[in-house]
Amino acid sequence: MSQRLLVVDDEESIATLLQFNLQQSGYEVDTAPDGGEAFKMAQENEYDLMILDLMLPVMDGLEVCKQLRQNKIMTPILMLTAKDDEFDKVLGLELGADDYMTKPFSPREVVARVRAILRRVVSQQSSEEHKKNNPQTGKMVIGEVEIFPENYEVYYKNKAIDVTPKEFELLLYLANHKGRVLTRDQLLNAVWNYEFVGDTRIVDVHISHLREKIEPNTKKPIYIKTIRGLGYKLEEPISNV
């Protein structure tokens with residue numbers, strides 16, 4: 001059974017182009033011309049992924065994303081933006097988008113991103129099913145940070161902190177490679193599972209979010225260290241002060 005996607009863009013030429021290329025790649029594709037229609041369709045149908053333009057009539061992409069997540073509709077979202085505005089990209093990720101791409105883009109790259117996101121979702125579902133059938137009680141402790149892989153939970157100073165699925169996966173990958181320097185491309189490939197070198201700023205955004213949640217002082221991080229010119233490293237803090 002082919003996977004079903006929803007493409008949301010008010011520019012008919014773009015929507016048609018994406019629909020054609022995705023159908024050629026074996027996906028079943030619906031389209032919506034505005035945010036209001038997209039939100040309605042997402043409520044009435046089960047989609048495996050949504051490609052969502054940021055600038056839309058009726059309801060913009062950020063609002064659609066926000067409303068879907070508030071209604072517990074966790075369909076993966078690839079957000080498209082014509083703006084080179086870091087704020088919009090960061091806000092989109094904070095509201096629950098899984099990834100973003102900036103226009104103009106090649107249809108081939110969109111298909112590659114879609115495949116990467118869907119592959120990651122399937123892998124995550126398989127992992128969760130395995131954990132359900134093979135319960136574990138182990139946890140990872142780094143300083144005052146506790147990570148519970150089986151529950152997708154993170155505690156800091158004995159208090160549960162709210163992390164997104166992507167933030168959790170990134171933190172867990174760093175923890176599994178504690179003390180090792182990991183490049184942005186390595187993190188991008190491991191956590192986002194891209195087949196190509198993507199926009200590594202998405203890694204920096206998520207690192208920044210994690211630091212806000214587990215670092216006593218984000219300007220002087222003691223857990224997630226920046227290794228200039230290389231990437232990042234998670235290490236045991238010398239002091240918890």
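Fair warning: this is a prediction, and the values are worked out from it, not measured in the lab.
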Looking only at heavy atoms, what is the nearest atom pair of [X] and [Y], with distance?
X      : Y      : answer
Ile147 : Ala175 : CD1-CB, 3.7 Å
Val191 : Glu169 : O-OE1, 3.7 Å
Val141 : Glu236 : O-OE1, 4.2 Å
Ile14  : Asp9   : CG2-OD2, 3.5 Å
Leu52  : Gly61  : CD2-O, 3.3 Å
Met59  : Gly36  : CB-N, 3.9 Å

Rounded to the nearest 0.5 Å, what separates atom [atom1] in [X] from atom [atom2] in [Y]?
X      : Y      : atom1 : atom2 : result
Leu6   : Asp48  : CG    : CG    : 11.5 Å
Ile224 : His206 : CD1   : NE2   : 12.0 Å
Asp204 : Leu187 : CG    : CG    : 9.5 Å
Lys225 : Ile207 : NZ    : CD1   : 13.5 Å
Ile238 : Ile222 : CD1   : CD1   : 9.5 Å
Gln43  : Asn71  : CD    : CG    : 5.5 Å

For [X], is the [atom1] atom crowded, meaning more than 12 foreign heavy atoms sit under 6.0 Å from it?
X      : atom1 : answer
Asn158 : CG    : no
Glu12  : CD    : no
Glu44  : CD    : yes
Lys213 : NZ    : yes
Phe20  : CZ    : no

Identify whether [X] and [Y] are in the same connected component of the hydrophobic contact network (ILVMFWY, side-chain heavy atoms under 4.5 Å).
X      : Y      : value
Val203 : Tyr173 : yes
Leu234 : Met140 : yes
Val29  : Met101 : yes
Ile77  : Met55  : yes
Leu56  : Ile73  : yes

Beyond-backbone contact of [X] with [Y], side-chain heavy atoms, under 4.5 angstrom:
X      : Y      : answer
Lys103 : Asp53  : yes
Leu170 : Leu210 : yes
Asp34  : Asp10  : no
Gln186 : Tyr232 : no
Val114 : Ile51  : yes
Met74  : Arg69  : yes
Asp60  : Leu54  : no
Leu18  : Leu5   : no

> Relative to each other, are the rings of Tyr152 and Phe168 parallel, tilted or perpendicular (30° and 60° limits)?
Replying inline: parallel
>> One pair to check against side chain to side chain contact (heavy atoms under 4.5 Å, CB included): Thr226 and Arg211. What are the steps and the verdict?
In response: CA-CA 11 Å; Thr226 298; Arg211 281 175 170 164; 2.7 Å; yes
Judged by atom type as modelled, is there a donor-acceptor pair below 3.5 Å linking the side chain of [X] to the main-chain atoms of [Y]?
X      : Y      : answer
Arg113 : Tyr100 : yes
Glu215 : Tyr223 : yes
Gln3   : Glu28  : no

>> Quick one, Val163 with His209, criterion side chain to side chain contact (heavy atoms under 4.5 Å, CB included). Give me CA distance, side-chain angles, the key distance, then yes/no.
In response: CA-CA 9 Å; Val163 294; His209 290 171; over 6 Å; no
> Are Leu49 and Asp98 close enough, and set up right, to give a side chain to side chain contact (heavy atoms under 4.5 Å, CB included), and what steps lead you there?
Replying inline: CA-CA 10 Å; Leu49 182 141; Asp98 293 76; over 6 Å; no
>> Does this structure show an ion pair linking Lys40 with Glu37, if we count only N-O contacts that are shorter than 4.0 Å?
In response: no
> Charged N to carboxylate O under 4.0 angstrom, Arg4 versus Asp30?
Replying inline: yes
> Going through the checks in order, is the side chain to side chain contact (heavy atoms under 4.5 Å, CB included) test met by Met41 and Tyr47?
Replying inline: CA-CA 9 Å; Met41 292 174 70; Tyr47 291 104; 3.4 Å; yes
> In the hydrophobic clustering that connects Ile, Leu, Val, Met, Phe, Trp and Tyr at side-chain heavy-atom distances below 4.5 Å, which members other than Leu230 occupy its cluster, ordered by chain and number?
Replying inline: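 Answer for Leu230: Val181, Ile227.
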